Chemist: 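The structure's right below; bear with me while I get my questions together.
For clarity, every value in this text was computed on a predicted model and none was experimentally measured. Residue numbers begin at 1 in each chain, while the letters A, B, ... track the order of the sequences. Below, each value reflects all heavy atoms present in this structure, side chains not excepted, and no hydrogens, waters or symmetry copies.
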Amino acid sequence: MTTSELNSTQRYAAGALMGLALRQAQIHQTRPLGFPPNNDEEEESHHHHDDLHVLPEELSQLWTHPNYGLVRPIFRFLDIDPIAWTGLEETALSSSAKHHIGAFLRLLSEENCDKDSSEKIEQEFALSKAVDAATMSLLDSTSCSTHITQGSQEVQHERDQRSSSSNMQEASEADGTTPSVLKTTNPNIFHDREGKLLIQEKDGEDKSESRSNSNSDKPLQEAKLVCYQRKVAVLFDLLSACLADTPEDEKKASRIRKGYDARHRIALRLLATWLDVNWIKMEAMEIMVACSAMAAAKGDESHTENVEAEKGKWSKWKRGGIIGAAALTGGTLLAVTGGLAAPAIAAGFSALAPTLGALVPVIGASGFAAAASAAGSVAGSVAVAASFGAAGASLSGSKMARRIGGIDEFEFKPIGENHKNGRLAVGIFVSGFVFEEEDFVKPWAGKESNLERYALQWESKNLITVSTAIQDWLTSSLTMELMKQGAMLTVLNTLVAALAWPSTLLAATNFIDSKWSIAVDRSDKAGQLLADCLLKGLQGNRPVTLIGFSLGARAIFKCLQHLAKAGDRGGLVERVVLLGAPVSIKDEHWEDARKTVAGRFVNVYSTNDWILGVAFRASLLTQGLAGIQPVTTSGVENVDVTELVEGHSSYLWTTQQILDRLELDTYYPIFLNA
Amino acid sequence: MDPSNSPGEFDYLFKLLLIGDSGVGKSSLLLSFTSDTFDDLSPTIGVDFKIKMLTLGGKRLKLAIWDTAGQERFRTLTSSYYRGAQGIILVYDVTRRETFTNLSDVWAKEVDLYSTNQDCIKMLVGNKVDKESERVVTKKEGIAFAREYGCLFIECSAKTRVNVQQCFEELVLKILDTPSLLAEGSTGVRRNIFKQKPPTDASTSSCC
């Protein structure tokens, strides 16, 4: 019936787990995994009150609600009988999800008793081998890029020293504490980082295991019962289901956008955590599916033999929008001819020559098409989602029209080597404190990851002006004098305590203010522009991770607010990291912004960041400031990096280090607030 | 949308669970109760779920009834649905003896193992009494088992709807008679899951 490696019971369980994962992921938006349970929960377990404490008016806000079109298309793709859907949806809402997850995992672990089970087991095996091969190849490529980036780091470091020490040196001599710490520790930290990276790659699995053990409920004991091949097959099927797009969806579904929903990716991430499968395997699967899809689109030319049989289905795919893959790849389909991912799959093939027969139907383009068409027999034709974007759309290719007054520059610049290689997740990095144009790209260049990465270059003139003004002010004799007296280090404390400012300081900052307020205004507009880009699907309708520092972080925050206004509830943005964000805490809608981010939302702050305090003091005095204080909104992770960041410009060279510490690919917060 | 459709629309919410062998008529029983219809149903996949509003003893009740698959392949699944149930309905088919013996061999053990609720009300239901000529389990046997196991007992037919209403009502009345279960089902326990505020109206929940 279908080419799935799973039997109907297993597909049922897989669908159920996806529903549970979606619901849990939404809960974790406001109550991140690993946080100590609050009183509410204790009471809950005391009463054993199981489910249905969802008020009717809240039901429609749940990710599992049919309106979002997140769950039912998956059920349909998995060919789960519609009569079972409501049961699964209700189960997903249950507050004792943990027990259900365990039960469904046990259901998954049970042996195939179908008559064609041996064939399915063989397929499972082949699939998991292919995924392993793809993973290996991914790891290889990442470690290659690590070497490349090391070089750039050194260059960067030199430059940083140049820019920082020129300002700070004198002061540090006088002051003797913080800046000198910077100079001595920085190289060490880089070494640390490299060492840590190597360890990470080697002991990836051990590490995740030990950490998850320390975490209260993940992974579940039951996960051990499920064999590895089965886990891979489940995740692969669910991923395919997330990417597949059923055009004859519920008419009522309000989900206009197609593609890889950020909420789906987060749910898969949680599911992988439950199953204790390394995330990199999931990334490998993403690439496999994307490449299969692209290969399917390319079709006739490269896979002549296979194509003949599948031609009908493929043409259906093309009609359905797979052609949009051209957008993803910037005009050339290179899934088969070049790039990184295709060799990854090729490696998988050749390593498995004997079982190739079993493998091709599973991961080959034809297999994917067949799976899709099998699901299509239930719900009409199935196209791979427009993950691949509307034709002609791609971030790097687009120069934004200046539809918003006052924005002169807004451009995405690709970083790294893995563009056009079937990456199904995008990272957008936004600098906000820059001295020269390359500061838009440099801070992010070394961060190796499997995201397709872009740096946003925006308003460089204004940003450089304000950054330079601040730098000039720093080097001014007055400030130097203050620094020598150690006054600057206490300024921030004074600020936070809302005490009177030293009047000498106030007078000195006046000339920054106008430039700063222009830059703040531009960052707000850039945020709106960024939101427009995402809403339009210029990222190829793929989940986006947004990371930015200083005014760049502000632009991201504003972007989230615009997304919230546009009614987005976490479908676009997967993760957010704000570093040293000049965003006031009390008079901004953090809750709304939080809801637009499906996964982790990290606020990185430094209590020593007095530049931020000085520049944004108006807000700081009355409202609190995200860049130097924790944000109390539930679901926002606060990470104090005071030890790494002694001044605002530190973010220019410490971002990588900070991001490495955050371990963004982990589902749950790495740093928990005590 | 209807303003009266507020949290105040019912006084108590109870979770009920239907268990028993495949084909004894759990889903038919539920369908008969919730929509007064009888159909040839295909085997339940995994779990199904229905809501029934009911006014009983002057109380407005919302019953969330979980219907589980009796098939062996879903057995592991049902275990997690016992949690928090205030009432459990054990169903057998009076025309198939093994469905009756399996109650003591399998289902009663499952209940003891997985039910989190000491006071949870259990009810034994012999279904398909419309097929009187094919009956192999006598009413006496049913009563004896119910007495031994300490649960309520009724014989009914989902097809003719004989005793279907009574079956659920008796169970619910018993739950209403049990203070600890009543406290659990009280609407005061419910809360806004997004705001995560503790229940403001503490007076309605007679918390033990």
Chemist: Could you point out which residue of Lys59(B), Arg60(B), Lys62(B) forms a side-chain hydrogen bond (donor to acceptor under 3.5 Å, both in side chains) with Asp11(B)?
Modeler: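 The passing option is Arg60(B).
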Chemist: Which region of Tyr12(A), side chain (C-beta onward) or backbone (N, CA, C, O), has a non-hydrogen atom less than 4.5 Å from a non-hydrogen atom of chain B, or is it both or neither?
Modeler: side chain
Chemist: Any idea which of Thr86(A), Asp81(A), Ile83(A), Thr91(A) has the most non-hydrogen atom pairs under 4.5 angstrom with chain B?
Modeler: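 Of Thr86(A), Asp81(A), Ile83(A), Thr91(A), Thr91(A) has the most heavy-atom pairs under 4.5 Å with chain B.
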Chemist: So, Glu110(B) and Arg75(B), do they make that salt bridge, N to O below 4.0 Å?
Modeler: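 No, Glu110(B) and Arg75(B) are not salt-bridged.
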Chemist: Just so I understand: if I count every heavy-atom pair under 4.5 Å between each of Leu77(B), Val47(B), Asp67(B), Asp48(B) and chain A, which residue has the most?
Modeler: Leu77(B)
Chemist: Can you say whether Thr76(B) sits under 4.5 Å from chain A via the side chain, the backbone, both, or neither, judging by heavy atoms?
Modeler: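 Thr76(B) touches chain A through backbone and side-chain heavy atoms alike.
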Chemist: Mind checking salt bridge (Lys or Arg N to Asp or Glu O under 4.0 Å) for Asp21(B) and listing every partner two or more places apart, or none if nothing turns up?
Modeler: none
Chemist: Taking only residues two or more places apart in sequence or in another chain, which ones pass ring pair (Phe, Tyr, Trp, His ring centres under 6.0 Å) with Phe38(B)?
Modeler: none
